[in-house]
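Please read the structure below before turning to the comments.
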Amino acid sequence: MKDFWKYFLDKSDVSKEILEFGYSKERKFKDYFEKFCSEMGFDERINTAQNISIDFYEKQPKTLVKNGKYVLRTGFGKFMVFDEFKFNKPYLNLNFKEVTELEYTIPEGFDHLYDCYKKDNTENSKIEQLQCFRIFEKIANTVSNEEKCLIGPRGNKVSEFGTYLYDTDGKIKHVFKYTGQEELDYSIFTKDSIYLFEAKSVKNGLDLGWHKIAFPSNRFLNYCKRIIPGYILNQKNNLLIYIFKGIESYKNGIILNDKTQLEPKYAFKIKKV
């Protein structure tokens, strides 16, 4: 298949926008891709989400990366392309060598539950056992000096909020209004904090997209509680949990590439059951 992203960047209106603003205007991917297919003379079906909602930086389109660009989804099948030299990419680069090892606490008389979890390697199961065997409680005690944890809302939600980026001159720019679906894998509520978790199965990739946890954080920002995001990484033999400083509201929205938020504060390792 011919390179859609080269076709996109070569368009005079797109190149002019990126040169002037540091990003392209918001466009609907499906419509633009169909136009691309028509002009190139072939018929191709494509998954919109896989092309614009990119979980790992290494999966960004090679043509964009080669040209110092990256794509972000803006909701309901729309996207924008950004110049990395004008807006630093909102992707993590996790490399925590020092981790705190945590162990499961199995409730008395529930060895049969422990055994069931040993036989289930699904992503949802791995998250649930963290609550069941008191890992989240231990994390909250370390991070926010709290003990009691309750399971909070999760799942899909349609949201709308302003999205901002720092430019490379240190100025905050409003770049788009996110309108669309955002998904939260898990949340834990304590008295003073709300922990949000995004779970991923990984082998080597630790260049995770911050938008996956930042977008769903918006649903809780008006509660005046400390919003603490975390990534749960499901590896072959271990679960790694990275906990970050926190996410704060900015003009009823979020700043997507705030470097102070993208640095993990804690890292935990749990040997799989």
Side-chain angles (χ1 to χ4, degrees), residues 3-29 31-33 35-36 48-95 159-180 182 205-218 221 229 244-264:
D3 191 340
F4 167 78
W5 292 109
K6 183 180 185 306
Y7 164 87
F8 181 78
L9 293 178
D10 285 346
K11 287 294 183 182
S12 60
D13 55 339
V14 171
S15 58
K16 182 179 179 181
E17 292 163 10
I18 295 176
L19 182 64
E20 182 176 355
F21 304 110
Y23 52 82
S24 66
K25 292 181 180 179
E26 192 177 43
R27 289 173 171 86
K28 196 171 183 69
F29 183 82
D31 293 347
Y32 219 85
F33 187 79
K35 181 180 178 182
F36 162 67
T48 295
Q50 290 180 356
N51 282 271
I52 61 175
S53 182
I54 300 175
D55 297 348
F56 298 89
Y57 183 69
E58 65 179 14
K59 294 184 178 180
Q60 280 278 334
K62 289 182 173 56
T63 297
L64 294 185
V65 173
K66 182 180 178 181
N67 286 275
K69 311 290 191 297
Y70 59 89
V71 60
L72 291 177
R73 69 182 176 105
T74 61
F76 286 140
K78 296 180 180 180
F79 73 98
M80 295 170 65
V81 168
F82 290 82
D83 185 342
E84 188 180 338
F85 298 104
K86 294 185 179 179
F87 294 94
N88 291 325
K89 60 183 183 291
Y91 280 84
L92 305 173
N93 185 21
L94 301 178
N95 186 20
S159 297
E160 182 177 299
F161 51 87
T163 306
Y164 301 80
L165 289 173
Y166 276 104
D167 66 16
T168 48
D169 292 325
K171 297 178 181 178
I172 301 173
K173 300 288 184 69
H174 177 262
V175 289
F176 62 89
K177 178 193 285 187
Y178 183 85
T179 304
E182 41 87 354
L206 296 178
D207 52 352
L208 297 135
W210 186 244
H211 61 280
K212 296 293 291 185
I213 195 67
F215 285 174
S217 73
N218 181 75
L221 289 175
F244 297 81
K245 175 183 176 182
I247 295 179
E248 298 179 358
S249 175
Y250 181 81
K251 295 184 177 181
N252 295 316
I254 58 171
I255 302 175
L256 203 52
N257 65 344
D258 185 343
K259 288 184 178 180
T260 65
Q261 296 179 4
L262 271 60
E263 292 292 331

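Predicted model, so just to flag it, every value in this text is computed and none were measured.
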**OP:** Go through the steps for Phe76 and Thr179 under the test side chain to side chain contact (heavy atoms under 4.5 Å, CB included), then give the verdict.
**Re:** CA-CA 7 Å; Phe76 286 140; Thr179 304; 3.9 Å; yes

Going from [atom1] on [X] to [atom2] on [Y], what distance comes out if it is rounded to the nearest 0.5 angstrom?
X      : Y      : atom1 : atom2 : answer
Trp210 : Leu72  : CH2   : CG    : 14.5 Å
Asp10  : Ser12  : CG    : OG    : 10.0 Å
Glu58  : Asp207 : CD    : CG    : 5.0 Å
His211 : Ile54  : NE2   : CD1   : 8.0 Å
Ile52  : Lys28  : CD1   : NZ    : 8.5 Å
Leu256 : Asn88  : CG    : CG    : 12.0 Å

**OP:** Can you label the angle between the Tyr23 ring and the Phe82 ring as parallel, tilted or perpendicular, going by 30° and 60°?
**Re:** tilted

Quick one: does [X]'s side chain get under 4.5 Å of [Y]'s, heavy atoms only?
X      : Y      : answer
Phe8   : Phe29  : no
Ile254 : Phe215 : yes
Ile255 : Ile172 : yes
Asn93  : Tyr57  : no
Phe161 : Ser249 : no
Leu9   : Leu64  : yes
Arg27  : Asp31  : no
Phe56  : Leu208 : yes

**OP:** Determine the sole option in Phe36, Phe79, Tyr70, Phe33 for which the ring pair (Phe, Tyr, Trp, His ring centres under 6.0 Å) test with Trp5 is passed.
**Re:** Phe79

Subject >> Lys62 atom NZ: more than 12 heavy-atom contacts under 6.0 Å >> reply: no

Could you give all pairs that pass the salt bridge (charged side-chain N to carboxylate O under 4.0 Å, His left out) test and reach [range], with sequence neighbours left out?
range            : answer
residues 244-263 : none
residues 63-90   : Glu84-Lys89
residues 168-179 : Glu160-Lys177, Asp167-Lys173

On a heavy-atom basis, which atom in [X] and which in [Y] lie closest, and how many Å separate them?
X      : Y      : answer
Ser24  : Met80  : O-CE, 3.2 Å
Leu92  : Phe244 : CD1-CZ, 3.6 Å
His174 : Gly162 : NE2-CA, 4.0 Å
Pro229 : Gly246 : CD-CA, 3.7 Å

Subject >> Polar contact flag, side-chain donor to acceptor under 3.5 angstrom, Ser159-Asn218 >> reply: no

Original post:
Any donor-acceptor pair under 3.5 Å linking the side chain of Asn257 with the backbone of Leu165?
Top reply: no

